[in-house]
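Below is one structure; the comments refer to it alone.
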Amino acid sequence: MSGQLALGMSGPGARIAGEAASYLQGLNPEQRAAVTAEDGPLLVLAGAGTGKTRVLTTRLAHILLTGRARPHEVLAVTFTNKAAREMVERVEGLIGRSVAGLWLGTFHAMGVRMLRAHAELVGLKPGFTILDADDQERLAKQIIQAAALDERRWPARALVAIIQRWKDRGYRPDQVPAVEVGDFALGKGIELYRAYQERLLTLNACDFGDLLLHGLTLLTGNPDLLAQYQRRFKAILVDEYQDTNVAQYLWLRLLAGGHKNITCVGDDDQSIYSWRGAEVGNILRFEQDFPGAAVIRLERNYRSTGHILAAASGVIARNRHRHGKTLWTEGEAGELVRVAGLWDDEEEARFVADEIEAWQRRGGKLTETAVLVRAGFQTRAFEERFIQVGLPYRVVGGPRFYERAEIRDAIAYFRVVCQPDDDLALERIINLPRRGIGESTLKALRTAARAAEVSLLQAARAMSQTDELPTRARNALVELIATFDRWRAELGEKSPRELAETILDESGYTAMWKAEHSPDAPGRLENLKELVKAVQEFDTLPGFLEHVSLVVENATEPDADLVTIMTLHGAKGLEFDNVFLAGWEEGLFPSQRAIDEGGTKALEEERRLAYVGMTRARRRLTISFAANRRIYNQWSSSVPSRFIDELPPEHIEHLHRNPATRPDLGSFLDDEPFRARSTSRFRTQRVEGAKLIEGRAEILQTRPVGRSGAFKTGERIFHPKFGYGRIEAIDGNKLDIAFEKSGRKKVIDSFVEPA
DNA sequence: GGATTGTGTATTTTT
DNA sequence: TACACAATCC
């Protein structure tokens with residue numbers, strides 16, 4: 001655990017030197033050049049599927065094994081915990097021992113590590129808490145309220161977004177340039193930002209952005225410290241460099257400022273997080289930032305077949321702002337990329353499900369199959385269809401474990417126990433379950449706390465000794481404070497797991513969910529059990545909290561044979577044999593909203609997203625679009641995505657279901673005037689009551705709308721999607737139906753026919 | 001202090 | 001349509 005590697009040419013070192021050749025074997029010339037490049041700035045432009053992670057980890061191992069740096073002298077940063085974990089595993093596999101001591105982790109984790117050691121230099125105490133998105137928003141809300149602004153006009157969410165943006169760019173309140181001020185809150189944005197930061201300091205807390213921003217303040221404000229870190233980190237390695245924001249870039253540049261021994265790996269064509277503050281400019285500008293930088297391109301793709309690669313390359317080649325790479329493969333050409341046009345989102349889901357079943361019958365694995373969509377709402381149609389045909393699937397994304405309300409509530413309890421002055425956590429659970437401490441009591445507490453400049457809990461403690469509050473509230477408060485004191489006394493005595501159980505029990509939190517009869521209550525109780533189990537892995541409760549704030553992950557699912565459904569963003573870094581890219585329609589993909597907000601730049605990012613999606617596929621790629629889609633229960637018809645036009649024709653084949661080639665639908669879709677008429681190439685048009693009926697896919701059936709009164713309660717009906725059912729209640733044209741297979745649902749009468 | 005009704009909104013989300 | 005939140009009533 002010393003973190004020291006035995007290096008040298010004798011003893012254990014000789015064994016390592018003997019293996020040196022082995023870890024370089026199997027690398028192609030470019031990969032090998034990247035791994036063994038001498039000290040100095042190095043940019044590795046690694047196209048999709050070209051062995052990026054392998055190069056990065058092998059280079060790290062190479063640096064250690066050749067003695068250029070010892071583990072604690074290496075800083076390696078990633079964006080996700082997953083990537084960090086993978087890197088640790090692979091490096092350990094390469095060097096054959098633990099890499100303890102290495103500074104390897106996410107930007108944020110490395111930021112915290114530095115900040116904990118020097119918290120007082122930026123006005124924090126070492127035990128500071130890290131706020132998540134939820135806390136941030138509530139804090140912002142308080143700031144807006146304190147400034148007497150209209151909360152509806154200037155929502156907290158927007159303020160958080162603005163502050164986040166400034167932090168991503170490395171601006172402290174006094175550094176925000178005038179042009180960036182904007183008109184939020186009548187130009188008071190900076191004032192609010194300042195108030196927000198002051199409040200964070202009094203709470204002894206940081207938000208995610210601060211983890212890096214304070215890091216910058218730390219390094220720029222303390223030259224000795226900077227010099228110390230510059231000497232310490234003899235090698236810096238960065239993964240996914242195209243996703244770095246300005247703050248991260250500045251942080252890296254400071255740390256690498258001495259020796260400039262920095263390796264950045266990335267792919268400008270896969271930059272899809274600009275809306276999160278990522279600056280493609282960082283990677284495009286690397287050679288100017290680090291003069292004399294070596295640039296190595298990895299262009300040999302080991303993942304996809306020829307047609308897939310060529311189709312993806314053809315699309316991305318339309319982007320103007322990029323380094324430019326020419327991916328190639330020695331693999332087989334494989335199948336053509338298939339393009340299918342469907343009538344509506346339901347037919348699209350049906351089509352995909354059919355294709356997956358056929359693939360499975362031919363021996364394909366579901367785990368090797370993914371359906372990738374642009375926006376979350378698109379998953380629904382697929383889920384419904386997959387359930388109907390019994391196709392096992394999982395939706396990746398969704399609410400993550402540590403973001404679920406019950407988990408956050410439980411953690412808020414733990415936080416108050418560990419950090420009594422954590423006001424945000426206390427506010428979250430002070431009246432949960434209900435214990436008679438309502439809004440008016442809370443208001444009084446807040447006022448008192450602010451006046452005395454103490455924390456909420458301290459104010460509550462003081463107030464519970466006076467008779468300022470109504471007896472009811474006062475008693476509840478006395479009781480709560482005593483309970484928290486008791487738990488806190490048990491911190492050192494009980495194991496974290498026992499304590500966690502005690503807290504959830506004695507607070508009445510578990511009981512609250514047990515008493516609740518909503519359908520998701522059992523699931524929530526299950527999650528709480530999972531949480532307690534997770535606590536077990538840690539020596540102390542505070543230790544657990546530190547982990548939670550930085551690692552937001554879903555519980556690992558059993559590795560069953562499942563189809564994966566997820567967003568294109570979520571798919572970055574993954575690969576599958578068989579990939580479906582659904583919903584390629586103007587307006588949806590590329591997203592009209594993105595284009596409205598970001599113009600050409602945004603369109604290029606959408607195109608990169610298309611590229612990312614396409615390059616996820618190893619053997620088979622199917623792109624689909626629907627002529628009609630129901631959005632908020634309104635039918636709208638759309639035009640195929642321009643990205644479909646951009647697919648090189650020689651690498652694709654149109655499936656017959658494409659409406660543009662179908663005589664019955666083609667007349668309106670293929671109609672040039674129709675396309676010309678639409679101002680933004682995306683237009684919507686209501687198609688009232690037009691609907692396809694299961695099993696009669698080729699017939700466009702139109703039925704009358706609003707048959708109110710035509711049905712009677714108790715009547716047996718048939719619905720094309722949910723099957724047979726009985727009408728329980730009628731409300732205008734909405735029927736409340738108990739379906740035999742799908743349970744109780746409210747549906748519009750026009751979709752229902754008498755059985 | 002708590003339940004109920006009404007209103008506005010609706011991408012992507014590594015930490 | 002659905003859901004979350006806020007104003008409103010009891």
Side-chain angles (χ1 to χ4, degrees), chain A residues 77-84 105-112 130-133 136-137 141 150-153 155-157 160-161 164 167-168 206-212 239-240 242-245 247-248 270-278 372-380 396-400 402-403 405 431 433-443 470 472-473 476 547-553 566-574 583 587-598 602 605-606 608-609 612-613 630-635 733-734 745-748:
Chain A
V77 278
T78 63
F79 278 85
T80 64
N81 291 297
K82 196 177 155 204
T106 62
F107 273 100
H108 293 88
M110 297 301 97
V112 180
I130 301 165
L131 305 187
D132 62 16
Q136 277 182 58
E137 205 174 309
K141 193 170 165 180
D150 181 357
E151 285 177 71
R152 284 166 19 123
R153 183 112 190 260
R157 285 183 80 92
V160 170
Q164 198 62 58
K167 288 186 175 179
D168 285 344
C206 277
D207 65 18
F208 279 115
D210 284 337
L211 299 180
L212 279 151
D239 191 18
E240 306 276 23
Q242 78 280 356
D243 288 337
T244 48
N245 61 34
Q248 288 159 339
Q270 292 188 64
S271 166
I272 54 174
Y273 282 105
S274 75
W275 48 277
R276 274 290 229 112
L372 308 182
V373 295
R374 173 67 241 257
F377 72 84
Q378 289 173 263
T379 62
R380 207 171 107 185
V396 177
R400 283 171 300 183
Y402 288 109
E403 284 173 3
N431 200 29
R434 302 244 143 86
R435 47 174 74 92
I437 306 174
E439 201 48 49
S440 51
T441 308
L442 197 54
K443 214 174 205 167
R472 233 182 128 96
H547 164 84
V548 164
S549 56
L550 289 173
V551 179
V552 180
E553 273 175 276
M566 63 177 150
T567 63
L568 288 161
H569 284 91
K572 197 175 75 161
L574 304 177
L588 180 58
F589 187 49
S591 150
Q592 190 57 47
R593 185 154 164 187
I595 295 173
D596 288 347
E597 282 169 18
E605 179 148 323
E606 294 287 302
R608 290 194 289 268
L609 203 47
V612 167
R630 199 178 37 187
I631 298 172
Y632 312 132
N633 216 33
Q634 277 224 345
W635 287 100
N733 66 340
K734 289 190 279 292
K745 292 192 187 330
K746 285 207 171 66
V747 299
I748 301 292

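What separates NE2 of A:His108 from P of B:dT15 is a distance of 9 Å, to the nearest Å. Rounding to whole angstrom units, CD of residue A:Gln164 and P of B:dT14 are separated by 13 Å. Between the P atom of B:dT12 and the OH atom of A:Tyr273 lies a distance of 11 Å, rounded to the nearest Å. To the nearest angstrom, C1' of B:dT12 lies 12 Å from NZ of A:Lys572. Rounded to an integer number of Å, the gap from A:Met566 CE to B:dT14 C1' is 14 Å. Taking atom CG of residue A:Leu442 and atom C1' of nucleotide B:dG1, one finds them 13 Å apart after rounding to whole Å. With rounding to whole Å, A:Arg434 atom CZ is found 9 Å from B:dG1 atom C1'. We find that CD of A:Glu439 is positioned 15 Å from C1' of C:dT8, with the value rounded to whole Å.
Nucleic acid contact for A:Thr78: none, since no nucleic acid atom lies under 4.0 Å from a heavy atom of the residue. Across all strands shown, A:Glu240 has no heavy atoms under 4.0 Å from either base or sugar-phosphate atoms. Residue A:Asn431 is classed as a sugar-phosphate contact, given heavy-atom separations below 4.0 Å to backbone atoms only.
Under a 4.0 Å N-O distance rule, the pair A:Arg593/A:Glu597 qualifies as a salt bridge.
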Dump every N/O contact between nucleotides 5-11 of chain B and the protein below 3.5 Å, one line per pair.
unit_1 : atom_1 : unit_2   : atom_2 : d
B:dA10 : N9     : A:Tyr632 : OH     : 3.3
B:dT11 : O4     : A:Ala594 : N      : 3.2

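When the nearest nucleotides of DNA chain B are assigned to A:His569 and A:Ala473 by heavy-atom distance, the more 5′-ward of the two goes with A:Ala473. When each of A:Arg472 and A:Ile272 is assigned the nucleotide of DNA chain B bearing its nearest heavy atom, the one mapping closer to the 5' terminus is A:Arg472.
A heavy-atom distance below 4.5 Å is not found between the side chains of A:Val612 and A:Leu568. Side-chain atoms of A:Arg608 and A:Gln270, non-hydrogen and from C-beta on, never get closer than 4.5 Å to each other. Counting heavy atoms from C-beta on, the side chains of A:Thr441 and A:Asn431 never come closer than 4.5 Å. Residues A:Lys572 and A:Thr80 are not in side-chain contact: their nearest non-hydrogen atoms beyond the backbone lie 4.5 Å or more apart. Within the 4.5 Å cutoff, the side chain of A:Leu574 has heavy atoms near those of the A:Met566 side chain.
The minimum heavy-atom distance linking A:Ser549 with A:Ile130 is given by the pair OG-CD1, 3.5 Å.
For A:Thr441, a side-chain nitrogen or oxygen approaches OP1 or OP2 of B:dG1 to under 4.0 Å. Distances shown here put every side-chain N or O of A:Thr567 at or beyond 4.0 Å from the OP1 or OP2 atom of B:dT12. Phosphate contact (OP1/OP2 of B:dG1, side-chain N/O of A:Lys443, threshold under 4.0 Å): absent. The side chain of A:Asn81 places no N or O atom within less than 4.0 Å of a non-bridging phosphate oxygen (OP1 or OP2) of B:dT14.
Under the salt bridge (charged side-chain N to carboxylate O under 4.0 Å, His left out) criterion, A:Arg472 pairs with no residue at all, not counting sequence neighbours.
Rounded to a whole angstrom, the distance from the P atom of C:dA2 to that of B:dT13 is 22 Å.
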